[in-house]
Engineer: 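Before I ask anything, let me first share the structure, which is written out below as C-alpha cells.
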Amino acid sequence: MGFFSDFKASLMKGDVLSLATAVVIGGAFGKIVGSAVDDVIMPIVGLITGGIDFTQKFITLDGNSYETLAAAKTAGAAVITYGNLVQAIINFVIIAFFIFVVLRAAEKARKKEEVAPAAPAGPTQEELLTQIRDLLKK
C-alpha cells in the first residue's frame, strides 16, 4: 500500500477518531471551565481575599518598586509573577474538580446500565445434552 492509503487507514481507526473527538470536546470544555473560573470563581475568591487580583501579584528582581505589573514590564524590570502561578493552580484544581464530577456522573450512568436485569439464562450444556440423549432414546 502507498503512503497515503496507509495514512488514511491509520486515520480511520476508531482510536484516532475517538482521540480527535476528545481533543475537540476538551477544547470546548476548557473554554467553559475558563469562563467558570474567570467569571464566577475568581470574583468570589477576590471577595473572600478582599479584592486581591492574583494576576497582578509580582516581585521585581531589580530591587525597585512599581505600582503595577504593567509599569514594571514597561520599565523592562525582571519580574516573578507568582500571582499567575496561584491563578494557574486555582484553575487546575477547578478543572480537576469539574472532570471528577463529569467522570463520576458517567460512572453512575454506566453502573445503572449494567444493573439492568440480565436476560434469563438458557439451559446449560449438560441440560441440552440430557435432552438430546432423551430424544435419541425415544
Engineer: Answer whether the closest heavy-atom distance between the side chains of Leu61 and Ile80 falls below 4.5 Å.
Structural biologist: yes
Engineer: For the residue pair Ser35 / Asp39, report whether a side-chain donor-acceptor contact shorter than 3.5 Å exists.
Structural biologist: yes
Engineer: Spell out, yes or no, whether Val102 and Ile99 are grouped together once hydrophobic residues are joined by side-chain heavy atoms under 4.5 Å, including indirect joins.
Structural biologist: yes
Engineer: For residues Ile41 and Phe29: do they belong to one hydrophobic cluster (side chain heavy atoms under 4.5 Å, members Ile, Leu, Val, Met, Phe, Trp, Tyr)?
Structural biologist: yes
Engineer: Taking the side chain as everything from C-beta on, heavy atoms only, tell me whether Arg104 gets closer than 4.5 Å to Glu107.
Structural biologist: no
Engineer: With a cut-off of 6.0 Å (strictly less than), are more than 12 heavy atoms of other residues, nucleotides or ligands near OH of Tyr82?
Structural biologist: yes
Engineer: How long is the span from the CZ atom in Phe58 to the CG atom in Leu69, to the nearest 0.5 Å?
Structural biologist: 5.5 Å
Engineer: Please set out all donor-acceptor pairs under 3.5 angstrom arising from side-chain atoms of residues 125-136, sequence neighbours excluded.
Structural biologist:
unit_1: Glu127; atom_1: OE1; unit_2: Thr124; atom_2: N; d: 3.0
unit_1: Thr130; atom_1: OG1; unit_2: Glu126; atom_2: O; d: 2.7

Engineer: For Ala75 and Tyr66, which heavy atoms make the closest approach, and how far apart are they?
Structural biologist: CB-CE2, 3.6 Å
Engineer: Roughly how far, to the nearest 0.5 Å, is the OG1 atom of Thr68 from the CD atom of Gln56?
Structural biologist: 6.5 Å
Engineer: How far does CD1 of Ile89 sit from CG of Asn84, to the nearest 0.5 angstrom?
Structural biologist: 11.0 Å
